[in-house]
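Basis for what follows: all heavy atoms, side chains included, without hydrogens, waters or symmetry-related copies.
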Amino acid sequence: MKKTLTSMAALGMACVMVLTGCGGGNTAETEPQTIGAPTTEAPAETEAETENAEPTGAQELTFVLNNEPDSLDPSYTNNSFASPFLTNLFEGLVTYDENGELAPGNAESWESNEDMTVYTFHLRDGLKWSDGSPLTASDYVYSALHVMTPATTSQYVNMMTDYIVNGQEYYDGTATAEEVGVKALDDTTIEYTLKQPTPFFADVASMWVYAPVQEATVEANGDKWSTAADTYVCNGPFKVSEINMGESVVLTKNENYWNAENVTLEKLTFRYILDLSTALTAYENGEVDGVRNIPAGDIARLKAENAGTHTANVYGTVYYNINCQAEPYTDPLVRKALNLAIDRESLINNVAQLDAQPAYSILAPGYVVDGKDILEGRSEFEMSPNANVEAAQAALAEAGYPGGEGFPTLKLSFYSDDTVKKVAEALKEMWETNLGITVEVTSAEWAVFYSEVQSGNYEVAAMGWSADYVNPMSFLPLLVTGDVTNTSFYSNSEYDAMVEQVKVESDPAKFGELVKAADDLASSEYPVIPLYYKADTYLLKDYVSGVYMDSSTHLFFKNAKVNK
């Protein structure tokens, strides 16, 4: 059966896990997945001319980021704001190319055994770290063990412990390093032995938590190794030259990258400008070459002006977490009322001002089997583009709060961002008007905000998710009991069991059926407040070519060229 992943808008970019296409003796068939290609407002012939033009002038770019990440350590962070750095400073065994295809990275080929429990990756010869020292399969073993060491406090640790044999036991201290299913068979061969059949493991291995970190710098500097340029050792197309806290991070070409001869860009400055309007002004004044986020109200104008907007279709969802372990949100009826009282169409068109699709579940649509979206025909769980006020009020009354009477002040928190702020304020107005409750809105910088969310010190909080790899299994753990990514603290043992079935199902049709069943079960209990499915727009001057974004919103600059 052919499996494809289409986006909300258009077909195009392929995200492929085809082991035979990567060389080696494949013994297991895995078929293509695709997601919609990024689009721009520029005419196709103009873009082609730019792509093919010889680079001219200084090969330097300044690109604005609107949030500062919590860390630049791939072993530690799961923060999406770290993505522009880690995508360009590190390269794992596999990566995504400009067509969105899963492609060889440090590994030139890989294969699995017949039941997909053992994956063997073959590294390129002569790999080096940015300091010029050799990079071998043993570095991948060290890095995996480092992630699975409690002291590392890796936010993505479950992406290893859930899959690798004795990974959880090593984390718990009941297994030795030698018993963990990550082995260097020789300097260029690394083998992962998994707990159960995992048809999508090559996709999982594309995540930055699987990227290598250098033992020498980590052991010498502890968790401070990633905070200073002189101790920051990496293996991607760029390396760190400067870290100016709160201001910028300067990347320069890594001459020791295995494909350095095809990297044209010499300098890439990521500059922090937190205010979107200020960032846009800098872009329009020619002070910077690109901006990661755009004020929502300016997107239509910028597109009309051909100002360099680039929109990528993203496999992701914008939603609000509900703390399912905090009263009165332990009651699904309360969560239902909050969901049904929202006018999603107004949020999208009038508040966020985006080209987006209303969401009724945390799991984005788009994963297609035999030409059919696996979520086609799923329930909307009594939600609609506009608020279902009568049903929302009925649910709240059934929960014991008729007309909002007796309901405690709802504490709504969000992170510092112009669009998120507007959405939070709109939600407050909708809930107060439609449910008769009182809502208190608070905000904080991302690091502080997210720390509170992770610790469960919130009631309702802004959140969102872009798939870490192109498979519904990137979403389903968000609601699994005890999963590190489950910051809504939802728990349903039946759902947990379904997800375990999904993990090992290799038949595409059965996989799709199980995913839909799990989604229906969890969504009917309203564990989160889905708002809309994602598209992502950024700005880049028309003299820059070769930059691309994958369906997980990772921006790649390794093919960038400046043609002034």
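Here Arg301 pairs with Asp298 in a salt bridge; the nearest charged N to carboxylate O distance falls below 4.0 Å. The pair Arg292-Asp536 meets the salt-bridge criterion, with a side-chain N (NZ, NE, NH1 or NH2) lying under 4.0 Å from an Asp/Glu carboxylate O. A salt bridge does not link Glu425 with Lys422: none of the charged nitrogens is closer than 4.0 Å to a carboxylate oxygen.
When only modelled atom types and interatomic distance are considered, Asn66 and Asn293 share a side-chain donor-acceptor pair under 3.5 Å.
In terms of modelled atom types and a separation under 3.5 Å, the side chain of Ser154 and the main chain of Ser75 share a donor-acceptor contact. With hydrogens and angles disregarded, a donor-acceptor distance shorter than 3.5 Å links the side chain of Thr281 to the backbone of Ser277. Under the 3.5 Å distance criterion, the side-chain polar atoms of Tyr210 are matched with a main-chain donor or acceptor of Met159.
In terms of the side-chain hydrogen bond (donor to acceptor under 3.5 Å, both in side chains) criterion, residue partners of Glu432 (sequence neighbours excluded) are, by chain and number, Lys428. Residues that satisfy the ring-ring contact (aromatic ring centres under 6.0 Å, His included) test with Trp225, not counting sequence neighbours, are Tyr232.
The structure places OG of Ser474 at 9.5 Å from CZ of Phe200, a figure rounded to the nearest 0.5 Å. With rounding to the nearest 0.5 angstrom, the CD1 atom of Ile243 is 6.5 Å from the OG1 atom of Thr227.
The aromatic rings of Tyr272 and Phe85 sit tilted, their planes meeting at an angle between 30° and 60°.
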